[in-house]
Amino acid sequence: REIVFATNNQHKLDEIRKITGGRLRILSLADIDCHEEIEETGSTLEENALIKAGFVREKYGYDCFADDTGLEVGALDGAPGVYSSRYAGNGCNPADNMDKLLLALKGAENRSAQFRTVIALVINGKEHLFDGVIKGKIIEEKRGTTGFGYDPIFMPDGYDKTFAELGNEVKNSISHRALAMEKLVGFLLKN
Ligand code: ITT
């Protein structure tokens, strides 16, 4: 089975392809000659995931899914959440985002956080949502080099290493994205 994954994030594409293995053929936006930025104007992960998948369905005619992910920090009432990619400002890089978060949590006792991924699937004229959550904590400095985004400061519960230290194989077997993706693959293989 073939389906388009609407993302401009190469790391997400790599992870999704590893998670699905041989079960689905994942086409990228480049594969369908879509080189547009899709504006994320929603105020929830669900809305943004639906905007991205719906855009490709409407403009390019492909069945499609999209992933919107946020890091939700307990002591910050769930921030940065849907704003995770621009926490330190539009066009900022992951290091800026992590520095801002470490500063916001300086001296904080409650360092609990979770990654949440929402996957929206638009297929046969219908929309479906799948989600995945992993709980953990924000450590006090960056550690590790694998993965992307906030991985160097996020330590999943039950581990004493960050996602960026655990490596791709471990991350892809327990992550928010893997949990949401397993639901999507299960749905597609059943329907
Ligand atoms: P899209 O094209 O798919 O929208 P994006 O990078 O803009 O790609 P999001 O809107 O979902 O993705 O933004 C979420 C931000 O959270 C993203 O910029 C990353 O820095 C971070 N992020 C997402 N998934 C992550 C993961 O698995 N580990 C660490 N950080 C992650």
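First listed ligand is number 1; within each ligand, the first listed atom is number 1.
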Anything with a heavy atom under 4.0 Å from ligand 1 counts, so go ahead and list those protein residues by chain and number.
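Within the 4.0 Å shell of ligand 1, which is judged on heavy atoms, sit Thr7, Asn8, Asn9, Lys12, Glu40, Lys52, Asp67, Asp68, Thr69, Ser84, Ser85, Phe115, Phe148, Gly149, Tyr150, Asp151, Lys171, His176, Arg177.
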Using the salt bridge (charged side-chain N to carboxylate O under 4.0 Å, His left out) rule, collect all pairs that involve residues 88-107, keeping only residues at least two apart or in two chains.
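Listed by first then second residue: Asp99-Lys142.
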Restricting to pairs with a member in residues 116-125, which pass salt bridge (charged side-chain N to carboxylate O under 4.0 Å, His left out), not counting sequence neighbours?
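The answer is Glu46-Arg116, Glu72-Arg116.
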Enter the distance from Met181:CE to Ile19:CD1 here, rounded to the nearest 0.5 Å.
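Met181 CE to Ile19 CD1: 7.0 Å, rounded to 0.5 Å.
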Heavy-atom check, side chain of Tyr150 versus side chain of Ser84, under 4.5 Å:
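Sidechains of Ser84 and Tyr150: in contact.
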With under 30° as parallel and over 60° as perpendicular, where do the rings of Phe154 and Phe163 fit, or are they tilted in between?
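Tilted: the ring planes of Phe154 and Phe163 meet at 30° to 60°.
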Using the test ring-ring contact (aromatic ring centres under 6.0 Å, His included), find all partners of Phe187 that sit at least two apart in sequence or belong to another chain.
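Listed in chain order: His128, Phe130.
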